[in-house]
Every structure is written in structure tokens, then in C-alpha cells.
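Within every chain, numbering begins at 1; the chains are lettered A, B, ... in the order of the sequence lines, protein sequences first and strands thereafter.
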Number of protein chains: 2
Amino acid sequence: MSEFNLIRRHFTRSTPSALLGVGDDCALLQVSQGNVLAVSSDMLVSGTHFFADADPYLLGHKTLAVNLSDLAAMGATPRWATLALSLPSVDETWLAQFSAGFFALAQHYQVDLVGGDTTRGALNLCVTIMGEVPVGQALRRDGAKVGDEIWVSGKLGDAALALAHLQGNVQLSDADFAAVAAALHQPQPRVALGLALRGLAHSAIDISDGLLADLGHILAASQVGAQLEFAAIPTSSVLQNKSSLPPFFQQCVLAGGDDYELCFTAAVSQHTELLRLASALNLPLTCIGKVVAGTGCVVSDSAGNPIQLTRGGYEHF
Amino acid sequence: MSEFNLIRRHFTRSTPSALLGVGDDCALLQVSQGNVLAVSSDMLVSGTHFFADADPYLLGHKTLAVNLSDLAAMGATPRWATLALSLPSVDETWLAQFSAGFFALAQHYQVDLVGGDTTRGALNLCVTIMGEVPVGQALRRDGAKVGDEIWVSGKLGDAALALAHLQGNVQLSDADFAAVAAALHQPQPRVALGLALRGLAHSAIDISDGLLADLGHILAASQVGAQLEFAAIPTSSVLQNKSSLPPFFQQCVLAGGDDYELCFTAAVSQHTELLRLASALNLPLTCIGKVVAGTGCVVSDSAGNPIQLTRGGYEHF
């Protein structure tokens, strides 16, 4: 099968939001009046971000989800994406399932796949996602203010627990693994939350490399520090049951990557409004600490003593 | 070295054309009034698109050049790019040279690198390029009209000849190889030509997979056919000296990839204007045939007989 037939069969859908979609040298896109373009690229590599035998449908979902998560963290409305992929060979079944997972999520968020590239090589998936955000309303990392409350969505650490199970570092029952595997394999980008946080949050980031690492980017960009209470950080009952292993538990919660929840800061005066929003979105939003003057992040255990991690967020090299 | 230090050291330059550049979840970009966004993604894979020991400076140039070529073929003004790369290991010298080659070309065209990703994996370079084109002025593939003349810029086949030498399929003297290697290793995107062709050309494409394959996309999109005269196609004296091997010669000219010249069609009435443009740009523009009713492309040799190729354009799979 030629590259062109491959693209036609698996990666060409209608692109109602584009002036011109797949099939020319470039796609042509019209950014809506009063909006700026938000752009991010993420590359997923076999053996680094996923196992070579990963379920292709879920992989298609996750490839787009991690990119949508970047738009969510910016408060942007998803619009368009390009997908470049290198494949060791043409596996029709794999491609059909991968593209089905990708397009299911794309359709949910009305994202048009407007271009990309297909080539031979080690399995590598690179998405560039594009969205729109009204001028001046993007959620940036550099807006945290001393006195802000620090919030996270959902629960943290399940993706790291599921990965530890797959790597043989912990043993989970089938039921427990099933309960946490979705966080790893089918993360839900918090797009609706990101949109709702426009005008509410002072800063936001998505948690891809671990809470402390990602919150650390907000703190560094905003030139502030943070105090967190470990006990306040929302976790699943499956993960809590592993709390007989405190260092591992803390590692999953504070440094586990791949959660794709949002971490954001907002004025104390917005506390009630944010709880109302959580209810409206049917998504837990939890205040886990506060922004303070200074630098760095101190996490206190229930006795008020600082927790020291053995290692920080995910490091690629 | 952490991913963040790597990005800071090698891939963070000022981004005067962006509202927000590297360092947040997304870059924020303002498309100029009256313009639409032109977007394209290209992925270059070690062992497929370049040799693993390729000169990193030239590879940095080429990684951006092949993407700029897509903007050129659309008549778009280059503005921004993202770069996602996976690396087997961190080689500071390699990274410094690669980024130097990339940024030298980026600065020439005032392209801001506004985001991307860095991860561990087989060497893979994925650029998404973004440009602007006034509403309705993009050069598309589907605008060729019966009676149009077919033009190409520069000379064709040198990149294929250089590659054949590197693969041991032909033997070139050092001087001859030096004369054609630039086409392979340091292609010059025809950005100025693309901009000048707005309002002049009816259709355009860049020649990345070979003249017949790429012209074929124009013909298919425009639902027309073409007649070409082989002798009219511009080639270098080095390649002409290999014309004692007619099938190989024809293959390089008609099906050699990686030239990154533009192929475009325009009304006969623009013939003189296009020759004036060639002179103004100091870039050969050559009429090589005409658009006819029907489908497909017939290439005639000097005796008027059709040339049959043993294989078509570059196929990835």
C-alpha cells in the first residue's frame, strides 16, 4: 500500500472546521476573530511512552489526549491537529484500530485532523494540536500570586500505580488494576475544566511529568513558592490501600507522570465558585495547598513534617 | 542533563513573532488580519530520510527546509515552527550543531521556534511549520487548467544523483559529488518564488517525491492531464554527463525525490512575466510542458516517443 492510500484509508476524514484539510502542501485554517492560536506538539515513542504491544485503539486515544491536555491547561478550545507517524511496517489492523481511537476522541472534541506525515521507521507518533483562546484569556504558568490556593482536578497517582504493576514493581489484583489502568491508558483531557477556568484561575498546567515537577514550572515561572499538605491530595482507594508502602505511595502521588489532570492556582475568593464548578462538571476539584512568597515547594505530612522524595518528576534523559 | 535544560540550552531563542513562545503548555500566536494560517508537518527519520551519521548542521538545515518548502508551495509567508525530536542519547556536540543549522535557516526566514518536545528514542525529527497567506491567495494543487504551461524552478535530479553516489550505485568524482551534494543535503526552499507566484500561478506543489509523482498530485486534484518534453526539463551538467545511462538519467530527473524545487502551472499569457520573475529572483524557471484534457502524464523523448519509467516516485512502504 502506498503512503497516499494509507493516509486516504486511515487518516482522511471530513474537516468541516478547515478551509482546506488533508491533501495539499499545507492545510489552511481560519482563526476566529478575537482569538489567538494556541499550539503544542507532543511526541510519543514506543518503548519510552508506551509498550510496543500497547492496544492500538487506546494508543490512538492517548496520542491525541495528551495533546488536548496541553490545550486544556491553556484554557483553549480544541480546533485542529496534525499527526505525523513513523511505522516499522504497514499493519492494516493496527492502523484501523489506532485511527479509530484517535478519531473517536477527535470527534468528541470536534477536532479536525488537517494534515501530517506517514513514513517508515521505529514507531513514533507526533501530534501538533491547535486551538483558539480569546485574546488575553489564556491560562499561563506565570500568573500565580502569593496567597493563591493550589488546586488539582481528579485523583493523582493511578497512572503511576498502573505502570508500576505493568513493570512488575507492585502486584495488583485484576480488579484493582482495571480500576487504575484507565488513568494510564485512556486519560481524559480536562478540556471543559480548562475552558471554565478562563477568568477564574491565575495559572494552570497539566500534570504529565508529576505534580511536583509540573507545579514547579508554575512556581518558577511565577517566581513564587508553595506549601502543600500531602493528606489533602486526592487519591483513589486502590492507591490508598498501597499506603502501607509510604515512599512508593508518595512517589506515585507527587512524582507519578501521565495523570493529565490540571493543577491550577486561584484567589481564595474563588474557593466556593470552584467547588460549584466541580459539581457542575462532575469532576472533583481539590484545594491541596497555597502559594507563598519564596521559591520551591514544601509538602507536609499529617504530622507537619516535610516529605522528601527519593526522585523528582519523570526525566527523559 | 534534564529535558528542560536541553531545551533551554539548544532550542530556546527569542520569539519576537509570538505572543508566547517556548515554556508554557502551548505557544500563543496571532495570525495577521486578513490572513489564514497555512500548516504542514514533516517527519524525518534516521535510516529512512537521512543517514545516521549525517552532518548535524546540514540535517538541522534540511529538517526545517523541507517544511519551509511546503509553505513555499502554498505561497505562504513563514512565521512559526514547532520541533519535536526523539534522540537515542544526549550528544551535546551533535545538538549544538543541529540547532545551529536549524536556527540559521529559521533566522533567514524570520521563523520563530515556538514549541516542541524532546524525548528518548530512535532519532526522529518532526517539524510543524506555520505560515500566513492572504485569504483566497494560497497556491493550491487543484487549480491547474487545460492549456496552462507547466513550470519548474531550478534543476531536477541532482539530489537523486548524490544519493545514488552515497548508496554506491554510481561513481562520481569528488568535484562532481560536491557539485550535486548541496541539492541533497542543503536544499533551498523556494519561499520567495512561492510568494511571487501568488496571483500568477494556478497551482503549485513542491517536488519532494519526484517530478512525476508530485505533478501527478496536481493533475489528480485538478482533474487534468499533462504532456512533458523530457529534453526541456532543466538538469545540471553533472547529471547530463551521466546521460550515457538513459534509464538512470531519466529516473533521477523524473522520479528523484528530495529536490524541493517548485512545480507550478500558469496561463500561457504569464510566460513573459514568469521569465522576468526568474531573472528578478536569479532562479531558473523553465517551461517543461502543458496541461491537457484527460488524465495522467505523458513524457516524450526528443524523437517524440513516450518514456516509460521502471518505477515511479519515492514510496515509503
Side-chain angles (χ1 to χ4, degrees), chain A residues 1-3 6 19-20 23-31 36-43 45-49 70-71 73-74 76 80 82-87 89-90 114-122 124 126 128-131 133 135 138 140-142 204-206 221 315-317, chain B residues 1-3 6 19-20 23-31 36-43 45-49 70-71 73-74 76 80 82-87 89-90 114-122 124 126 128-131 133 135 138 140-142 204-206 221 315-317:
Chain A
M1 179 165 54
S2 77
E3 179 188 2
L6 188 160
L19 298 174
L20 186 64
D24 212 304
D25 294 290
C26 294
L28 296 176
L29 311 173
Q30 177 82 61
V31 176
V36 299
L37 186 76
V39 180
S40 179
S41 294
D42 263 316
M43 180 175 263
V45 179
S46 178
T48 301
H49 300 90
D70 282 314
L71 287 183
M74 215 74 196
W80 310 285
T82 65
L83 169 66
L85 67 170
S86 70
L87 306 166
S89 63
V90 174
V114 296
D117 197 5
T118 315
T119 185
R120 181 185 290 276
N124 183 309
C126 184
T128 296
I129 192 91
M130 289 163 277
V133 60
V135 176
R140 297 169 53 145
R141 297 180 178 179
D142 60 3
I205 195 169
D206 70 323
E315 289 280 353
H316 292 284
F317 297 102
Chain B
M1 179 166 53
S2 77
E3 179 187 3
L6 188 160
L19 298 173
L20 186 65
D24 212 303
D25 295 290
C26 293
L28 296 176
L29 310 173
Q30 176 83 62
V31 176
V36 300
L37 186 76
V39 180
S40 179
S41 294
D42 263 316
M43 180 177 263
V45 179
S46 179
T48 301
H49 299 89
D70 283 314
L71 288 183
M74 216 74 195
W80 309 286
T82 66
L83 169 66
L85 65 171
S86 69
L87 305 166
S89 63
V90 174
V114 297
D117 197 5
T118 313
T119 185
R120 182 184 290 273
N124 184 309
C126 184
T128 296
I129 192 91
M130 289 163 276
V133 61
V135 176
R140 297 168 54 144
R141 296 180 179 180
D142 59 5
I205 194 168
D206 69 324
E315 289 280 354
H316 292 285
F317 297 104

Problem set entry | Toward chain A, the part of B/Ala76 with a non-hydrogen atom under 4.5 Å | neither
Exercise. Do B/Thr128 and A/Met130 have side chains that get closer than 4.5 Å, going by heavy atoms?
Worked result: no
For this session: Measure distances from B/Val36 to the heavy atoms of chain A and classify the residue's part below 4.5 Å as side chain, backbone, both or neither.
Result: both
Exercise. When heavy-atom pairs shorter than 4.5 Å are enumerated against chain B, which of A/Val133, A/Asp42, A/Asp142 gives the highest number?
Worked result: A/Asp42
For this session: Sort out for me which of B/Leu29, B/Leu20, B/Val45 touches chain A most, counting heavy-atom pairs under 4.5 Å.
Result: B/Leu29
Exercise. At what distance, to the nearest 0.5 angstrom, does CG of B/Asp70 lie from CG of A/Asp24?
Worked result: 9.5 Å
For this session: Could you tell me which portion of B/Leu71 (side chain, backbone, both or neither) has an atom closer than 4.5 angstrom to a non-hydrogen atom of chain A?
Result: both
Exercise. What option among A/Gly47, A/Gly116, A/Gly23, A/Cys26 has the most heavy-atom pairs under 4.5 Å with chain B?
Worked result: A/Cys26
Exercise. Donor-acceptor pair, B/Ser86 side chain versus B/Ala122 backbone, under 3.5 Å?
Worked result: yes
Exercise. So which of A/Val135, A/Asn124, A/Val31 has the largest heavy-atom pair count under 4.5 angstrom toward chain B?
Worked result: A/Asn124
Problem set entry | Between A/Ala204, A/Cys126, A/Gly115, the one whose heavy-atom pairs under 4.5 Å with chain B are most numerous | A/Cys126
For this session: Select, from B/Met74, B/Arg141, B/Arg140, the one with the greatest count of heavy-atom pairs under 4.5 Å involving chain A.
Result: B/Arg141
Problem set entry | Residue part contacting chain A, namely of B/Val114, when any heavy atom lies under 4.5 Å | neither
Exercise. Roughly how far apart are B/Ser46 OG and B/Leu87 CG, rounded to 0.5 Å?
Worked result: 11.0 Å
For this session: Could you pull out the closest heavy-atom pair between A/Ser41 and B/Asp117, with the gap in Å?
Result: O-CB, 3.7 Å
